[in-house]
J.: 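Have a look at this one before I ask anything.
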Amino acid sequence: MASIPSHALRHLTLTRPWLRKIRCTTSLAFSSQDPHQIPPQNTDTAAKNANDSKSQAFFPKKNQILELECESLAFKGKGVCKVADSGFVLLCDNALPGERFIGRVSRKKGSYAEVTKLKTLSPHWDFVDAPCEYASYCGGCKTQNLSYEAQLRAKEKQVRELVIHVGKFSDKNPDFSHIMKPIVPCDIQFHYRNKMEFSFGSQKWLPKELLHEKLDGNENYALGLHAPGFFDKILNVDKCLLQSEPANKILATVQDNWKDPELGLSPYNVHSHAGFLKHLVLRTGRDMKTGLPELMVNFVTSSYKPEMLKPLVEKISTIPEVVSIMNNVNTSIGNTSVGEEEYTLYGKSTITESLRGLTFQISANSFFQTNTHQAEVLYKLIEDCSGLRGDASEIVLDLFCGTGTIGLTLAKKAKHVYGYEVVPQAVADANKNAKLNGINNTTFVQGDLNKIDENFGKHFPKPDIVISDPNRPGMHMKLIKFLLKLKAPKIVYVSCNPATCARDIDYLCHGVVEQNIKGCYKLKSIQPVDMFPHTPHIECVCLLELC
């Protein structure tokens with residue numbers, strides 16, 4: 001297990017007061033203004049008027065201008081603000097705890113409203129300079145200018161509040177402090193991603209101060225990341241601090257060459273559906289003999305024209321770390337990077353990576369944990385929670401098994417592992433990885449866990465331990481009912497979405513009264529893990545034991 005730096009564990013409970021009053025302007029005089037322009041009127045006067053009547057309950061209206069202070073971060077990294085007198089919640093993208101700003105109410109959604117930030121009045125607490133030049137525009141690293149310790153505090157607080165309010169576990173319970181574990185930090189905060197997907201586009205996104213510039217032809221072409229809120233505009237990126245340095249060398253090489261008119265390459269246009277280049281996917285693995293990085297480059301194109309890519313392939317293949325150049329051909333009008341056909345343009349068709357002492361072959365479309373270093377930490381926590389005795393007597397049921405990484409790392413201590421996954425290619429990769437590592441006590445089956453029937457449990461013996469690692473929507477009620485009927489002694493729930501995680505453990509522990517479903521599990525621990533620094537994403541490992 002990777003070592004955890006001591007500084008990252010200090011002061012994980014909030015030390016600053018959260019209950020600061022906010023000031024709200026009650027005038028709607030600016031409602032017809034351009035939403036991107038800050039009103040010229042004196043907002044302090046309006047704020048004073050609001051304060052004079054703060055004994056009245058106040059609920060903002062659409063297009064209202066407010067002076068706000070962010071209290072905390074919510075799911076997806078939105079800043080949480082509250083009206084001082086009514087407690088009404090407002091969510092604002094790109095607002096961070098302690099930041100005071102002017103915002104406009106853009107949308108009301110029943111119990112809360114969304115706000116667009118117009119101007120920062122004073123910076124947030126724990127401000128640091130973001131090292132990435134694109135941090136203000138990208139949207140991928142929303143908290144890069146928030147100190148890492150503050151990021152950890154915000155994420156831990158978010159999980160805690162969801163467990164209490166959605167999961168219905170009382171923090172007044174004396175056991176709660178033992179159940180809710182401190183967040184595990186990531187001791188590598190940059191260059192940790194082993195996969196990045198960039199998009200080619202015919203319309204470059206520009207900040208508003210440059211919108212007056214007219215770009216024509218390939219000057220308007222871009223290769224980078226989708227600008228927040230736009231499916232058709234691309235923020236041109238020359239370097240990403242989340243991916244490996246060799247991957248950045250590849251990105252720079254492609255950027256230097258792909259717009260050359262002599263190559264005749266065109267980006268895919270999502271409106272006209274014309275154009276050739278759709279995506280550039282870069283994956284980083286390791287050579288198992290040398291330990292050095294090895295990289296796969298995957299061009300996703302709208303048709304198969306290898307001669308068009310040949311000049312780029314020749315330049316990229318001179319980079320020593322590049323061992324594979326692939327071409328996925330996707331003829332559909334959708335935005336997916338998975339092709340209907342796949343071709344090897346250079347080198348081999350897979351790269352390798354090591355995880356918990358096992359070797360994994362990674363193809364262009366394989367699922368693999370995006371942060372290999374922190375996956376070692378995560379999988380050690382999962383193994384510890386499983387409590388496998390190691391005498392090869394226990395059955396493990398691995399739900400949403402993907403390419404089998406979790407199940408395979410547990411197989412050495414288990415009698416047998418049964419894994420279920422909906423994606424056929426992932427199941428094929430899981431079986432390949434089992435064979436590659438000489439593991440013979442695993443069975444991986446393709447199946448949709450959202451559509452199970454009464455026969456599902458007949459295909460494997462009753463498990464001693466269930467591992468469930470669903471995607472963001474969490475588990476379907478059919479699966480929850482099955483697990484409550486199965487009554488395995490332990491469930492280790494691994495989640496990438498603390499909101500649906502809290503909901504599902506509520507169902508498993510407390511049942512669903514409206515549907516006359518009784519819970520039968522006790523929550524023993526919930527461990528937040530920071531897998532992706534500078535982003536709002538949080539992983540959780542929960543241990544549930546049968547009552």
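When a residue number appears, it is its place in the shown sequence, counting from 1. Not measured: the values here are computed from a predicted model.
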J.: With salt bridge (Lys or Arg N to Asp or Glu O under 4.0 Å) as the test, would you mind laying out the steps for Arg286 and Glu353 before giving the verdict?
T.: CA-CA 5 Å; Arg286 272 187 292 176; Glu353 185 54 276; 2.6 Å; yes
J.: Looking at side-chain heavy atoms only, is the closest gap between Pro185 and Asp530 below 4.5 Å?
T.: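 They are not in contact (no side-chain heavy atoms under 4.5 Å apart), so the answer is no.
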J.: Can you check whether Tyr521 and Tyr493 have ring centres sitting under 6.0 Å from each other?
T.: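 Not under 6.0 Å, so no.
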J.: Are Thr359 and Asn437 close enough that some pair of their side-chain heavy atoms sits under 4.5 Å apart?
T.: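 SC-SC contact between Thr359 and Asn437 confirmed.
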J.: Tell me whether Lys412 at atom NZ has more than 12 heavy atoms from other residues, nucleotides or ligands lying less than 6.0 Å away.
T.: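 Atom NZ in Lys412 is packed in, count exceeds 12.
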J.: Using distance alone, with no hydrogens and no angle criterion, decide if Asn328 and His279 have a side-chain donor and acceptor under 3.5 Å apart.
T.: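 Note: Asn328 and His279 side chains miss the donor-acceptor criterion.
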J.: Got more than 12 heavy atoms from elsewhere within 6.0 Å of NZ, Lys348?
T.: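 Yes, enclosed.
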J.: Any side-chain heavy-atom pair from Cys138 and Val237 closer than 4.5 angstrom?
T.: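 They are not in contact (no side-chain heavy atoms under 4.5 Å apart), so the answer is no.
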J.: How about Gln243 and Asn248: do any of their side-chain heavy atoms sit closer than 4.5 Å?
T.: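 The answer is yes, as the side chains (C-beta and beyond) meet within the 4.5 Å cut-off.
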J.: Do the side-chain N and O atoms of Thr352 and Glu294 include a donor-acceptor pair separated by under 3.5 angstrom?
T.: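 Side-chain D/A pair, Thr352 to Glu294: present.
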J.: Are a donor atom and an acceptor atom from the side chains of Thr284 and Ser244 found within less than 3.5 Å of each other?
T.: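 Yes - a donor-acceptor pair under 3.5 Å links their side chains.
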J.: Are more than 12 heavy atoms from other residues, nucleotides or ligands located less than 6.0 Å from atom CZ of Arg472?
T.: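 Buried by this count: over 12 neighbours within 6.0 Å.
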J.: Are any non-hydrogen side-chain atoms of Phe368 and Thr405 less than 4.5 angstrom apart?
T.: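 Phe368 reaches Thr405 side chain to side chain.
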J.: Is there side-chain contact between Lys462 and Leu486, with at least one heavy-atom pair below 4.5 Å?
T.: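 Yes; the side chains approach each other to less than 4.5 Å.
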J.: Could you tell me whether the side chains of Asn497 and Ser495 share a donor-acceptor contact shorter than 3.5 Å?
T.: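 Checked: Asn497/Ser495 side chains show no N/O donor-acceptor pair below 3.5 Å.
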J.: Is it the case that atom NZ in Lys168 sees more than 12 heavy atoms from other parts of the structure closer than 6.0 Å?
T.: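 Atom NZ in Lys168 is not crowded, with 12 or fewer foreign heavy atoms closer than 6.0 Å.
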J.: Under 6.0 Å between ring centres: does that hold for Phe190 and His534?
T.: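 Yes, ring centres under 6.0 Å apart.
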J.: Can you find a heavy atom in the side chain of Asp187 that is under 4.5 Å from one in the side chain of His373?
T.: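 Yes; the side chains approach each other to less than 4.5 Å.
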J.: Quick check: do Lys415 and Asn441 have side-chain heavy atoms less than 4.5 Å from each other?
T.: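 The answer is no, as the side chains (C-beta and beyond) never meet within the 4.5 Å cut-off.
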